[in-house]
Amino acid sequence: MDLAYFAEWANLLIRWLHLITGIAWIGTSFYFIGLDNQLEPPRDGNPRVKGEQWSIHGGGFYHKQKYLVAPERLPEKLHWFKWEAYWTWISGFSLFVLIYWANASTYLVDPAVLDMPAWAAVLASAALLVGGWVVYDLLCRSKLGEDEGKLSIAMVVLLVVAAFVACHLFSGRGAFLQVGAMTGTIMVANVAMVIIPGQRKMVEAMRAGQEPDPKYGRWGKQRSVHNTYLTLPVLFLMISTHYPMTFGSAWNWVVLLAIALAGALVRQYFVLRQLGRANLAYPAVAAVVVVALVFALRPAPRAGLASAEVPAMAEVQAITAARCATCHAANPTFEGIAAAPKGVHLDNPQQIRRWAQSMRQQLENEAMPPGNVTEMTPEERARLLAWVAAGAPAR
Ligand code: HEC
(Lines give C-alpha, C1' and ligand atoms only; values in the text may rest on other atoms or scores of the structure.)
Protein backbone atom coordinates (compact mmCIF):
# COMPACT_ATOMS: atom_id res chain seq x y z
CA MET A 1 0.00 0.00 0.00
CA ASP A 2 1.34 3.40 -0.96
CA LEU A 3 0.97 5.31 2.27
CA ALA A 4 2.27 8.61 0.89
CA TYR A 5 -0.34 8.53 -1.86
CA PHE A 6 -3.23 8.04 0.56
CA ALA A 7 -1.76 10.69 2.84
CA GLU A 8 -2.04 13.12 -0.10
CA TRP A 9 -5.75 12.45 -0.34
CA ALA A 10 -6.20 12.78 3.39
CA ASN A 11 -4.32 16.06 3.16
CA LEU A 12 -6.64 17.36 0.44
CA LEU A 13 -9.90 16.29 2.09
CA ILE A 14 -8.97 17.49 5.57
CA ARG A 15 -7.70 20.79 4.19
CA TRP A 16 -10.95 21.26 2.31
CA LEU A 17 -12.91 20.63 5.50
CA HIS A 18 -10.62 22.97 7.42
CA LEU A 19 -11.27 25.81 4.99
CA ILE A 20 -15.02 25.28 4.98
CA THR A 21 -15.39 25.11 8.75
CA GLY A 22 -12.90 27.94 9.24
CA ILE A 23 -14.88 30.18 6.91
CA ALA A 24 -18.10 29.29 8.73
CA TRP A 25 -16.56 29.97 12.12
CA ILE A 26 -14.85 33.24 11.25
CA GLY A 27 -17.94 34.30 9.34
CA THR A 28 -20.25 33.87 12.34
CA SER A 29 -17.64 35.36 14.65
CA PHE A 30 -17.23 38.52 12.53
CA TYR A 31 -20.98 38.69 12.11
CA PHE A 32 -21.73 38.66 15.84
CA ILE A 33 -18.96 41.12 16.72
CA GLY A 34 -20.33 43.43 14.03
CA LEU A 35 -23.88 42.95 15.28
CA ASP A 36 -22.83 43.70 18.86
CA ASN A 37 -21.00 46.84 17.80
CA GLN A 38 -23.86 48.15 15.70
CA LEU A 39 -26.80 47.65 18.07
CA GLU A 40 -29.19 50.58 18.41
CA PRO A 41 -31.28 51.42 21.45
CA PRO A 42 -34.47 49.29 21.42
CA ARG A 43 -37.67 50.98 20.25
CA ASP A 44 -40.23 48.87 22.08
CA GLY A 45 -38.96 49.76 25.55
CA ASN A 46 -38.37 46.24 26.83
CA PRO A 47 -35.96 46.95 29.71
CA ARG A 48 -34.22 43.61 29.19
CA VAL A 49 -33.33 44.41 25.60
CA LYS A 50 -29.91 46.01 25.38
CA GLY A 51 -30.09 46.85 21.70
CA GLU A 52 -31.44 45.84 18.34
CA GLN A 53 -30.64 45.89 14.69
CA TRP A 54 -32.65 45.73 11.52
CA SER A 55 -31.03 44.34 8.45
CA ILE A 56 -31.79 43.01 5.02
CA HIS A 57 -30.08 39.97 3.54
CA GLY A 58 -30.87 37.44 0.85
CA GLY A 59 -34.17 39.09 0.05
CA GLY A 60 -35.52 39.18 3.60
CA PHE A 61 -35.79 41.60 6.52
CA TYR A 62 -34.35 40.62 9.89
CA HIS A 63 -34.94 42.09 13.30
CA LYS A 64 -32.39 41.07 15.90
CA GLN A 65 -32.43 41.98 19.57
CA LYS A 66 -29.71 41.45 22.12
CA TYR A 67 -30.78 40.83 25.70
CA LEU A 68 -28.78 42.17 28.57
CA VAL A 69 -27.87 38.96 30.35
CA ALA A 70 -30.99 37.07 29.22
CA PRO A 71 -34.65 37.23 28.23
CA GLU A 72 -37.30 36.69 30.87
CA ARG A 73 -38.10 33.24 29.57
CA LEU A 74 -35.89 30.91 27.59
CA PRO A 75 -37.21 30.12 24.14
CA GLU A 76 -37.82 26.46 23.39
CA LYS A 77 -35.18 26.32 20.71
CA LEU A 78 -31.84 28.04 21.17
CA HIS A 79 -29.17 28.10 18.46
CA TRP A 80 -25.64 27.45 19.62
CA PHE A 81 -22.53 28.26 17.65
CA LYS A 82 -19.78 25.84 18.46
CA TRP A 83 -19.33 23.11 15.86
CA GLU A 84 -17.84 25.57 13.37
CA ALA A 85 -15.07 26.25 15.88
CA TYR A 86 -14.64 22.65 17.03
CA TRP A 87 -14.39 21.28 13.51
CA THR A 88 -11.98 23.98 12.47
CA TRP A 89 -9.70 22.81 15.26
CA ILE A 90 -10.24 19.08 14.69
CA SER A 91 -9.47 19.40 10.99
CA GLY A 92 -6.61 21.85 11.57
CA PHE A 93 -4.99 19.71 14.21
CA SER A 94 -5.35 16.59 12.04
CA LEU A 95 -3.69 18.40 9.16
CA PHE A 96 -0.90 19.59 11.43
CA VAL A 97 -0.27 16.03 12.62
CA LEU A 98 -0.48 14.61 9.11
CA ILE A 99 1.99 17.08 7.66
CA TYR A 100 4.17 18.55 10.40
CA TRP A 101 4.32 15.74 12.92
CA ALA A 102 4.32 12.80 10.51
CA ASN A 103 7.11 14.44 8.47
CA ALA A 104 8.77 16.35 11.29
CA SER A 105 12.27 15.86 9.93
CA THR A 106 11.22 17.61 6.70
CA TYR A 107 8.85 20.27 7.95
CA LEU A 108 9.66 21.02 11.59
CA VAL A 109 13.37 20.38 11.93
CA ASP A 110 15.91 22.57 10.23
CA PRO A 111 19.44 21.60 11.31
CA ALA A 112 20.55 25.15 10.49
CA VAL A 113 18.18 26.39 13.23
CA LEU A 114 18.44 23.56 15.74
CA ASP A 115 19.50 20.02 15.03
CA MET A 116 17.15 17.69 16.88
CA PRO A 117 15.57 14.31 16.25
CA ALA A 118 12.08 14.28 14.79
CA TRP A 119 10.52 12.93 17.97
CA ALA A 120 11.96 15.80 20.00
CA ALA A 121 10.50 18.29 17.54
CA VAL A 122 7.05 16.67 17.79
CA LEU A 123 7.28 16.66 21.58
CA ALA A 124 8.30 20.33 21.66
CA SER A 125 5.52 21.20 19.22
CA ALA A 126 2.90 19.40 21.33
CA ALA A 127 4.18 20.95 24.56
CA LEU A 128 3.99 24.43 23.03
CA LEU A 129 0.45 23.82 21.78
CA VAL A 130 -0.74 22.87 25.26
CA GLY A 131 1.52 25.32 27.09
CA GLY A 132 0.36 28.28 25.01
CA TRP A 133 -3.23 27.73 26.04
CA VAL A 134 -2.43 27.05 29.70
CA VAL A 135 -0.37 30.24 30.09
CA TYR A 136 -2.89 32.34 28.18
CA ASP A 137 -5.80 31.00 30.21
CA LEU A 138 -3.99 31.53 33.52
CA LEU A 139 -3.24 35.13 32.52
CA CYS A 140 -6.90 35.79 31.70
CA ARG A 141 -8.05 34.28 35.00
CA SER A 142 -5.38 36.06 37.06
CA LYS A 143 -5.66 39.56 38.55
CA LEU A 144 -4.35 40.89 35.23
CA GLY A 145 -7.51 39.63 33.57
CA GLU A 146 -9.54 42.34 35.27
CA ASP A 147 -7.56 45.08 33.57
CA GLU A 148 -8.02 44.95 29.79
CA GLY A 149 -5.03 47.22 29.14
CA LYS A 150 -2.58 45.20 31.22
CA LEU A 151 -3.98 41.96 29.89
CA SER A 152 -3.45 43.12 26.30
CA ILE A 153 0.19 43.90 27.08
CA ALA A 154 0.61 40.45 28.63
CA MET A 155 -0.91 38.89 25.47
CA VAL A 156 1.54 40.74 23.26
CA VAL A 157 4.45 39.59 25.43
CA LEU A 158 3.15 36.03 25.20
CA LEU A 159 2.99 36.22 21.42
CA VAL A 160 6.50 37.67 21.24
CA VAL A 161 7.83 34.82 23.39
CA ALA A 162 5.93 32.20 21.34
CA ALA A 163 7.26 33.59 18.05
CA PHE A 164 10.81 33.83 19.35
CA VAL A 165 10.84 30.33 20.82
CA ALA A 166 9.18 28.67 17.82
CA CYS A 167 11.50 30.38 15.34
CA HIS A 168 14.54 29.24 17.33
CA LEU A 169 13.35 25.65 17.62
CA PHE A 170 11.86 24.87 14.22
CA SER A 171 12.33 25.56 10.54
CA GLY A 172 10.89 28.95 9.57
CA ARG A 173 7.97 27.35 7.84
CA GLY A 174 7.30 24.98 10.73
CA ALA A 175 7.63 27.81 13.25
CA PHE A 176 5.02 29.98 11.53
CA LEU A 177 2.56 27.09 11.37
CA GLN A 178 3.35 26.22 14.98
CA VAL A 179 2.51 29.73 16.18
CA GLY A 180 -0.58 29.70 13.96
CA ALA A 181 -1.66 26.38 15.47
CA MET A 182 -1.02 27.66 19.00
CA THR A 183 -3.09 30.77 18.37
CA GLY A 184 -5.84 28.78 16.69
CA THR A 185 -5.87 26.37 19.62
CA ILE A 186 -6.26 29.27 22.05
CA MET A 187 -9.15 30.62 19.99
CA VAL A 188 -10.99 27.30 19.89
CA ALA A 189 -10.27 26.59 23.55
CA ASN A 190 -11.80 29.98 24.34
CA VAL A 191 -14.98 28.70 22.75
CA ALA A 192 -14.84 25.18 24.20
CA MET A 193 -13.55 25.94 27.71
CA VAL A 194 -14.93 29.38 28.52
CA ILE A 195 -17.63 30.69 26.21
CA ILE A 196 -19.73 27.54 25.80
CA PRO A 197 -19.47 26.34 29.46
CA GLY A 198 -20.39 29.87 30.58
CA GLN A 199 -23.41 29.87 28.31
CA ARG A 200 -24.40 26.45 29.65
CA LYS A 201 -24.29 27.81 33.20
CA MET A 202 -26.44 30.75 32.14
CA VAL A 203 -29.02 28.48 30.53
CA GLU A 204 -29.00 26.11 33.52
CA ALA A 205 -29.58 29.01 35.91
CA MET A 206 -32.53 30.17 33.86
CA ARG A 207 -34.01 26.68 33.66
CA ALA A 208 -33.79 26.61 37.46
CA GLY A 209 -35.71 29.86 37.56
CA GLN A 210 -32.73 31.97 38.65
CA GLU A 211 -31.22 35.07 37.15
CA PRO A 212 -27.96 34.03 35.38
CA ASP A 213 -24.73 35.42 36.76
CA PRO A 214 -23.61 38.23 34.42
CA LYS A 215 -19.94 37.31 34.95
CA TYR A 216 -20.30 34.46 32.45
CA GLY A 217 -21.42 36.91 29.82
CA ARG A 218 -18.48 39.20 30.63
CA TRP A 219 -15.92 36.39 30.49
CA GLY A 220 -17.34 35.10 27.24
CA LYS A 221 -17.24 38.56 25.73
CA GLN A 222 -13.61 39.06 26.80
CA ARG A 223 -12.50 35.85 25.08
CA SER A 224 -14.58 36.59 22.05
CA VAL A 225 -12.89 40.00 21.70
CA HIS A 226 -9.45 38.34 21.93
CA ASN A 227 -10.50 35.93 19.22
CA THR A 228 -11.51 38.72 16.90
CA TYR A 229 -8.06 40.37 17.05
CA LEU A 230 -6.31 37.03 16.58
CA THR A 231 -8.27 36.11 13.46
CA LEU A 232 -6.32 38.07 10.86
CA PRO A 233 -2.89 37.14 12.26
CA VAL A 234 -3.88 33.45 12.33
CA LEU A 235 -5.08 33.55 8.74
CA PHE A 236 -1.76 35.05 7.69
CA LEU A 237 0.16 32.35 9.53
CA MET A 238 -1.92 29.64 7.85
CA ILE A 239 -1.08 30.88 4.35
CA SER A 240 2.48 31.96 5.18
CA THR A 241 3.87 28.59 4.11
CA HIS A 242 3.43 29.68 0.49
CA TYR A 243 5.65 32.71 1.03
CA PRO A 244 9.22 31.79 1.92
CA MET A 245 10.26 35.46 1.89
CA THR A 246 8.36 35.81 5.19
CA PHE A 247 9.43 32.73 7.13
CA GLY A 248 12.78 32.32 5.39
CA SER A 249 14.50 35.42 6.75
CA ALA A 250 16.94 35.35 9.63
CA TRP A 251 14.65 37.68 11.57
CA ASN A 252 11.57 35.63 10.81
CA TRP A 253 10.18 35.92 14.33
CA VAL A 254 10.14 39.71 13.98
CA VAL A 255 8.47 39.39 10.57
CA LEU A 256 5.84 37.13 12.12
CA LEU A 257 5.13 39.68 14.84
CA ALA A 258 5.09 42.63 12.44
CA ILE A 259 2.55 41.00 10.13
CA ALA A 260 0.46 39.84 13.10
CA LEU A 261 0.45 43.43 14.34
CA ALA A 262 -0.62 44.69 10.91
CA GLY A 263 -3.48 42.17 10.89
CA ALA A 264 -4.67 43.13 14.36
CA LEU A 265 -4.56 46.83 13.44
CA VAL A 266 -6.68 46.25 10.36
CA ARG A 267 -9.19 44.33 12.47
CA GLN A 268 -9.19 47.20 14.98
CA TYR A 269 -10.08 49.61 12.17
CA PHE A 270 -13.15 47.56 11.26
CA VAL A 271 -14.25 47.14 14.87
CA LEU A 272 -14.03 50.91 15.41
CA ARG A 273 -15.77 51.59 12.14
CA GLN A 274 -18.68 49.46 13.25
CA LEU A 275 -18.82 51.58 16.39
CA GLY A 276 -18.96 54.69 14.22
CA ARG A 277 -15.41 55.71 15.18
CA ALA A 278 -13.50 54.77 12.03
CA ASN A 279 -9.88 55.83 12.32
CA LEU A 280 -7.64 55.51 9.30
CA ALA A 281 -4.55 55.75 11.49
CA TYR A 282 -4.79 52.01 12.19
CA PRO A 283 -4.67 50.72 8.61
CA ALA A 284 -2.14 53.46 7.82
CA VAL A 285 0.25 52.12 10.46
CA ALA A 286 -0.42 48.57 9.19
CA ALA A 287 0.45 49.69 5.66
CA VAL A 288 3.67 51.35 6.84
CA VAL A 289 4.66 48.14 8.65
CA VAL A 290 4.00 46.02 5.55
CA VAL A 291 5.80 48.40 3.19
CA ALA A 292 8.77 48.51 5.57
CA LEU A 293 8.83 44.69 5.51
CA VAL A 294 8.68 44.59 1.72
CA PHE A 295 11.84 46.68 1.61
CA ALA A 296 13.57 45.11 4.58
CA LEU A 297 13.14 41.60 3.20
CA ARG A 298 14.45 42.28 -0.29
CA PRO A 299 16.89 39.48 -1.09
CA ALA A 300 20.47 40.66 -0.78
CA PRO A 301 22.56 40.09 -3.87
CA ARG A 302 24.58 36.92 -3.38
CA ALA A 303 28.29 37.41 -3.05
CA GLY A 304 30.09 36.90 -6.31
CA LEU A 305 26.82 36.25 -8.12
CA ALA A 306 27.05 39.12 -10.58
CA SER A 307 30.54 38.32 -11.74
CA ALA A 308 30.10 34.55 -11.81
CA GLU A 309 29.84 33.07 -15.23
CA VAL A 310 26.45 31.58 -16.04
CA PRO A 311 26.36 27.83 -15.45
CA ALA A 312 25.50 25.59 -18.37
CA MET A 313 22.26 23.62 -18.45
CA ALA A 314 24.17 20.39 -17.82
CA GLU A 315 25.52 21.77 -14.55
CA VAL A 316 22.09 23.06 -13.49
CA GLN A 317 20.61 19.66 -14.20
CA ALA A 318 23.34 17.93 -12.24
CA ILE A 319 22.64 20.14 -9.22
CA THR A 320 18.86 19.68 -9.31
CA ALA A 321 19.28 15.94 -9.86
CA ALA A 322 21.32 15.72 -6.68
CA ARG A 323 19.48 18.21 -4.50
CA CYS A 324 15.91 18.46 -5.75
CA ALA A 325 14.86 15.56 -7.94
CA THR A 326 14.67 13.00 -5.14
CA CYS A 327 11.33 14.73 -4.45
CA HIS A 328 10.68 16.77 -7.58
CA ALA A 329 10.48 13.97 -10.14
CA ALA A 330 7.86 11.88 -11.87
CA ASN A 331 8.72 9.05 -9.50
CA PRO A 332 10.15 10.57 -6.33
CA THR A 333 12.50 8.39 -4.34
CA PHE A 334 12.31 10.44 -1.16
CA GLU A 335 10.35 8.59 1.51
CA GLY A 336 6.94 10.06 2.20
CA ILE A 337 6.71 11.92 -1.13
CA ALA A 338 4.21 10.26 -3.49
CA ALA A 339 4.26 12.67 -6.41
CA ALA A 340 6.32 15.71 -7.40
CA PRO A 341 5.34 18.29 -4.73
CA LYS A 342 3.10 21.05 -6.13
CA GLY A 343 3.56 19.48 -9.57
CA VAL A 344 7.07 20.93 -9.73
CA HIS A 345 9.25 18.53 -11.75
CA LEU A 346 12.96 19.25 -11.73
CA ASP A 347 14.25 16.11 -13.43
CA ASN A 348 14.58 17.27 -17.03
CA PRO A 349 15.84 20.47 -18.72
CA GLN A 350 12.47 21.51 -20.12
CA GLN A 351 10.77 21.34 -16.73
CA ILE A 352 13.69 22.92 -14.89
CA ARG A 353 13.46 25.92 -17.21
CA ARG A 354 9.69 26.04 -16.83
CA TRP A 355 9.99 26.32 -13.05
CA ALA A 356 13.00 28.63 -13.03
CA GLN A 357 11.26 31.59 -11.38
CA SER A 358 9.59 29.44 -8.72
CA MET A 359 12.96 27.88 -8.03
CA ARG A 360 14.43 31.33 -7.52
CA GLN A 361 11.74 32.16 -4.92
CA GLN A 362 12.44 28.97 -3.03
CA LEU A 363 16.22 29.13 -3.33
CA GLU A 364 16.72 32.77 -2.37
CA ASN A 365 15.17 32.25 1.03
CA GLU A 366 16.54 28.78 1.48
CA ALA A 367 13.03 27.39 1.75
CA MET A 368 14.07 24.55 -0.56
CA PRO A 369 15.30 21.93 -0.12
CA PRO A 370 13.16 21.77 3.05
CA GLY A 371 15.46 21.85 6.07
CA ASN A 372 18.20 21.41 3.46
CA VAL A 373 17.68 17.65 3.73
CA THR A 374 19.66 17.04 0.57
CA GLU A 375 22.56 19.15 1.86
CA MET A 376 22.75 21.66 -0.93
CA THR A 377 25.88 23.82 -0.67
CA PRO A 378 25.74 27.64 -0.73
CA GLU A 379 27.87 27.47 -3.87
CA GLU A 380 25.29 25.29 -5.66
CA ARG A 381 22.53 27.60 -4.56
CA ALA A 382 24.41 30.60 -5.95
CA ARG A 383 25.00 28.73 -9.21
CA LEU A 384 21.32 28.00 -9.73
CA LEU A 385 20.40 31.59 -8.86
CA ALA A 386 23.00 32.92 -11.30
CA TRP A 387 21.46 30.73 -13.98
CA VAL A 388 17.92 32.01 -13.29
CA ALA A 389 19.18 35.61 -13.14
CA ALA A 390 20.70 35.15 -16.61
CA GLY A 391 17.26 34.25 -17.94
CA ALA A 392 17.47 30.48 -17.45
CA PRO A 393 19.30 29.80 -20.74
CA ALA A 394 18.65 26.45 -22.41
CA ARG A 395 22.32 25.61 -22.94
C1 HEC B 1 12.51 16.43 0.63
C2 HEC B 1 11.81 16.69 -0.55
C3 HEC B 1 12.12 17.94 -1.32
C4 HEC B 1 13.32 18.34 -1.86
C5 HEC B 1 14.64 17.61 -1.79
C6 HEC B 1 13.07 19.58 -2.54
N7 HEC B 1 11.75 19.93 -2.42
FE8 HEC B 1 10.83 21.49 -3.29
N9 HEC B 1 9.08 20.99 -2.40
C10 HEC B 1 8.92 19.92 -1.54
C11 HEC B 1 7.60 19.97 -0.98
C12 HEC B 1 7.02 18.99 0.02
C13 HEC B 1 6.97 21.10 -1.55
C14 HEC B 1 5.57 21.57 -1.29
C15 HEC B 1 5.61 22.54 -0.15
C16 HEC B 1 4.24 22.96 0.24
O17 HEC B 1 3.45 22.13 0.64
O18 HEC B 1 3.99 24.16 0.16
C19 HEC B 1 7.93 21.70 -2.45
C20 HEC B 1 7.66 22.81 -3.22
C21 HEC B 1 8.56 23.34 -4.10
C22 HEC B 1 8.25 24.40 -5.03
C23 HEC B 1 6.89 25.03 -5.23
C24 HEC B 1 6.65 26.08 -4.19
C25 HEC B 1 5.26 26.66 -4.31
O26 HEC B 1 4.58 26.67 -3.29
O27 HEC B 1 4.90 27.09 -5.39
C28 HEC B 1 9.40 24.69 -5.70
C29 HEC B 1 9.58 25.72 -6.79
C30 HEC B 1 10.42 23.82 -5.19
N31 HEC B 1 9.89 23.01 -4.23
C32 HEC B 1 11.75 23.84 -5.60
C33 HEC B 1 12.71 22.99 -5.10
C34 HEC B 1 14.11 23.07 -5.50
C35 HEC B 1 14.68 24.07 -6.46
C36 HEC B 1 14.74 22.06 -4.83
C37 HEC B 1 16.21 21.70 -4.89
C38 HEC B 1 17.13 22.75 -4.60
C39 HEC B 1 13.76 21.38 -4.02
N40 HEC B 1 12.55 21.99 -4.21
C41 HEC B 1 14.03 20.29 -3.23
C42 HEC B 1 9.84 18.95 -1.24
C43 HEC B 1 11.15 18.96 -1.67
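Read the numbers this way: they start at 1 and go in the same order the structure lists the ligands and their atoms. Because the structure is predicted, anything quoted here is derived from the model rather than measured. All heavy atoms count here, side chains included; hydrogens, waters and symmetry mates do not.
Residue pairs meeting the salt bridge (Lys or Arg N to Asp or Glu O under 4.0 Å) criterion with at least one member in residues 82-96: none, sequence neighbours excluded.
Salt bridge Asp137/Arg223: present, at least one basic N to carboxylate O contact under 4.0 Å. Taking the charged nitrogens against the carboxylate oxygens, Glu211 and Arg48 do have a contact shorter than 4.0 Å, which makes a salt bridge. A salt bridge links Glu315 with Arg383: the closest approach of a Lys/Arg side-chain nitrogen to an acidic carboxylate oxygen falls below 4.0 angstrom. Salt bridge status for Arg173 with Asp110: absent, with no side-chain N to carboxylate O gap under 4.0 Å.
Close contacts of ligand 1 with Ser358, meaning ligand atoms under 4.0 Å from a residue heavy atom, involve 29 (C). Here is the list of ligand 1 atoms found below 4.0 Å of a heavy atom in Thr374: 5 (C). Listed by number with element, the atoms of ligand 1 under 4.0 angstrom from any heavy atom of Met359 are 29 (C), 35 (C). Close contacts of ligand 1 with Val373, meaning ligand atoms under 4.0 Å from a residue heavy atom, involve 1 (C).
Taking the six-membered ring wherever Trp is involved, the centroid distance between the rings of Phe170 and Phe176 does not fall below 6.0 Å. When ring centroids are compared, Tyr86 and Trp83 come within the 6.0 Å threshold. Residues Trp101 and Phe93 place their aromatic rings such that the two centres sit under 6.0 Å apart.
Connection of Met193 to Leu138 is established within a shared hydrophobic cluster, with ILVMFWY side chains joined at heavy-atom distances below 4.5 Å, either directly or through further cluster members.
Not close to ligand 1: Thr320, with no non-hydrogen atom less than 4.0 angstrom away. Residue Phe334 places a heavy atom under 4.0 Å from ligand 1.
With a 4.0 Å heavy-atom cut-off, ligand 1 is reached by the side chain of Leu363 but not by its N, CA, C or O. Within the 4.0 Å heavy-atom criterion, the part of Met376 lying near ligand 1 is the side chain and not the backbone. Proximity of Tyr107 to ligand 1, defined as any heavy-atom pair under 4.0 Å, is confined to the side chain (atoms from C-beta onward).
Of the possible polar contacts, none joining the Arg395 side chain to the Ala312 backbone as a donor-acceptor pair under 3.5 Å is found.
There is no protein heavy atom less than 4.0 angstrom from atom 27 (O) of ligand 1.
Cation-pi contact between Arg141 and Tyr136: absent, since separation from the ring centre below 6.0 Å together with deviation from the ring axis within 45° is not met.
Panel detail: atom 8 (Fe) of ligand 1 has protein N, O or S atoms under 2.8 Å away, 2 in number.
Residue Thr326 has no N or O atom closer than 3.5 Å to an N or O atom of ligand 1.
Counting only non-hydrogen atoms, the option in Arg173, Arg323, Glu335, His242 that gets closest to atom 16 (C) of ligand 1 is Arg173.
When side chains are defined from C-beta on, Val188 counts as touching Trp25, because their heavy atoms get closer than 4.5 Å.
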